[in-house]
There are 2 protein chains.
Amino acid sequence: MSIVVALTDRGGAIATLDSDAGFLLARAGGRAIRALNRALEPFGLRSRHYTVLLAAAEHGGLSQRELGDLLGVDPSAVVALVDDLQRAGLVRRDPHPDDRRTRLVVLTEAGTEVFGRAAELAAKVEDETLGPLGPDERAALLGLLRRVAR
Amino acid sequence: MSIVVALTDRGGAIATLDSDAGFLLARAGGRAIRALNRALEPFGLRSRHYTVLLAAAEHGGLSQRELGDLLGVDPSAVVALVDDLQRAGLVRRDPHPDDRRTRLVVLTEAGTEVFGRAAELAAKVEDETLGPLGPDERAALLGLLRRVAR
DNA sequence: TATTGTTATACTCTATAACTATA
DNA sequence: TATAGTTATAGAGTATAACAATA
């Protein structure tokens, strides 16, 4: 007890890399993103394109504003990502029925097909990322991350 | 059961943002880094400088190569980070006793003092990042992250 | 020959401000 | 006035290659 008090009095000297949640989160996240980028290279896509496809597939048509909020990406970045995907023929920008300012990002048939194959690759990458963890531990990690990543 | 089979046959359509570990890790990590960057702004430091100070404080003198390996940062980036910290008077580059190629990064007295205060801020930021989690859950998350972030 | 540190460089990502067209 | 999308731009982060000094 007195040892701990002495250490904390020295001004946080018990801090270590291995107990720094922010560092561990950023490092693990970075590895996952890089691994997914490598896996998606044959498709000419990067992780962030994949998350756009994923969000659009999950919700079946989102405004760019909604995409940005959902993904935590700046609106100006959403424009660039959707530009890429549209140029590749994977999404369309459909007019919103009630608001002429907003454009709904919808998967094309080709986009749905590519997303399906990319999702399989992503599942493989995730399986490797979470390699050391058993099924229950993976579920526990996902549950905790969901509450932290809000 | 038949529903799940039909969905997986559609090519991974059950994938969702909320069950994508890589996405959640990257998003949570990004938030933690940004929050720490904001907190460190008064010191003229960024998260990555803080991790260098942390590693040096924890090990009491590391080569730049060791720092890069430990932090998952490219050697050329380590140079720039140590340059910044040295310019600010927070670290020294001491000669290695046995190898004239390597330079040991060591905290100065000012560096130790600043690191102590930065660590307190970092602890506050981490506390907010992990806000929704109880003590046991925080420990569980750290344990899981340690095994994934290797 | 291999390794440590360094420089230069390019590319990705993030963030901000300013603009347009609509609401 | 406020919002959705867009453009331009700057800064931070990441990655690669090439080099000097040393092992």
Side-chain angles (χ1 to χ4, degrees), chain A residues 22-23 25-38 40-41 44-52 61-87 91-106, chain B residues 22-23 25-38 40-41 44-52 61-87 91-106:
Chain A
F23 171 73
L25 282 169
R27 178 155 171 150
R31 294 206 175 173
I33 294 302
R34 282 189 292 272
L36 185 54
N37 280 340
R38 278 192 297 275
L40 294 178
E41 217 168 1
L45 299 177
R46 305 189 57 83
S47 306
R48 333 207 27 253
H49 298 113
Y50 172 72
T51 59
V52 171
L62 288 169
S63 74
Q64 298 186 188
R65 168 70 191 273
E66 289 170 323
L67 273 173
D69 288 346
L70 216 51
L71 301 175
V73 167
D74 194 83
S76 64
V78 174
V79 172
L81 289 169
V82 174
D83 279 352
D84 293 340
L85 293 170
Q86 190 174 33
R87 208 176 304 119
V91 303
R92 289 191 316 265
R93 288 197 240 228
D94 285 352
H96 188 289
D98 303 334
D99 187 336
R100 285 192 303 174
R101 291 174 304 179
T102 100
R103 316 175 71 176
L104 297 176
V105 176
V106 184
Chain B
F23 171 74
L25 282 169
R27 180 156 170 148
R31 293 205 176 173
I33 294 301
R34 282 189 291 273
L36 185 54
N37 280 340
R38 278 192 297 276
L40 294 178
E41 216 167 1
L45 299 177
R46 306 189 57 83
S47 306
R48 334 208 27 254
H49 298 114
Y50 172 71
T51 60
V52 171
L62 288 169
S63 74
Q64 296 187 188
R65 168 69 190 275
E66 289 170 323
L67 273 174
D69 288 346
L70 217 52
L71 301 176
V73 167
D74 195 83
S76 63
V78 175
V79 172
L81 289 169
V82 175
D83 280 352
D84 293 340
L85 293 170
Q86 190 175 34
R87 209 176 303 120
V91 303
R92 289 191 316 266
R93 288 196 241 229
D94 285 353
H96 188 288
D98 304 334
D99 187 336
R100 286 192 299 174
R101 291 174 303 181
T102 99
R103 316 175 71 177
L104 297 177
V105 177
V106 185

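Each chain gets a letter, A, B and so on, in the order the sequences are listed, and its residues count up from 1.
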> Can you name the side chain to side chain donor-acceptor pair (under 3.5 Å) partners of A:Arg34, sequence neighbours left out?
Replying inline: none
> Nearest nucleotide by nearest heavy atom, which residue falls closer to the 5' end of DNA chain C, A:Ser47 or B:Leu62?
Replying inline: B:Leu62
>> Using whole Å, what does the distance between atom C1' of nucleotide D:dT14 and atom CZ of B:Arg48 come to?
In response: 8 Å
> Side chain of A:Asn37, backbone of A:Arg46: donor and acceptor closer than 3.5 Å?
Replying inline: no
> For the pair made of CG in B:Asp84 and P in C:dT6, what is the distance, rounded to whole Å?
Replying inline: 13 Å
> Taking OP1 and OP2 of D:dG11, is either one under 4.0 Å from a side-chain nitrogen or oxygen of B:Arg46?
Replying inline: no
> What is the distance from CD1 of A:Ile33 to C1' of D:dG13, rounded to the nearest Å?
Replying inline: 14 Å
>> Checking the side chain of A:Thr102 only, and the main-chain atoms of A:His96 only, is there a donor and an acceptor separated by less than 3.5 Å?
In response: no
> Rounded to the Å, how far apart are B:His96 NE2 and C:dT4 P?
Replying inline: 10 Å
> Between A:Leu71 (CG) and C:dT14 (C1'), how many Å, whole number?
Replying inline: 14 Å
> Counting distance only, does the side-chain N/O of A:Asp94 pair as donor-acceptor with the main-chain N or O of A:Leu104 below 3.5 Å?
Replying inline: no
> Is there a donor-acceptor pair under 3.5 Å between the side chain of A:Glu66 and the backbone N or O of A:Ser63?
Replying inline: yes
> Rounded to the nearest Å, what distance is computed from the CG atom of residue A:Asn37 to the P atom of nucleotide D:dG13?
Replying inline: 18 Å
> Is the shortest heavy-atom distance from the side chain of B:Val52 to the side chain of B:Leu67 under 4.5 Å?
Replying inline: yes
>> Nearest 0.5 Å, please: how far is CZ in A:Arg27 from CG in B:Leu70?
In response: 7.5 Å
> Nucleotide by nucleotide, 5' to 3', does protein get under 4.0 Å of the base (B), only the sugar-phosphate (S), or neither (-) in nucleotides 15-23 of chain C, counting heavy atoms?
Replying inline: BB----BBS
> Given atom CG of B:Asp94 and atom P of C:dG5, what is their separation to the nearest angstrom?
Replying inline: 13 Å
> A:Leu81 CG to C:dT12 P: how many Å, rounded?
Replying inline: 12 Å
> Within the structure, does a side-chain N or O atom of A:Arg93 lie under 4.0 Å from either OP1 or OP2 of D:dT6?
Replying inline: yes
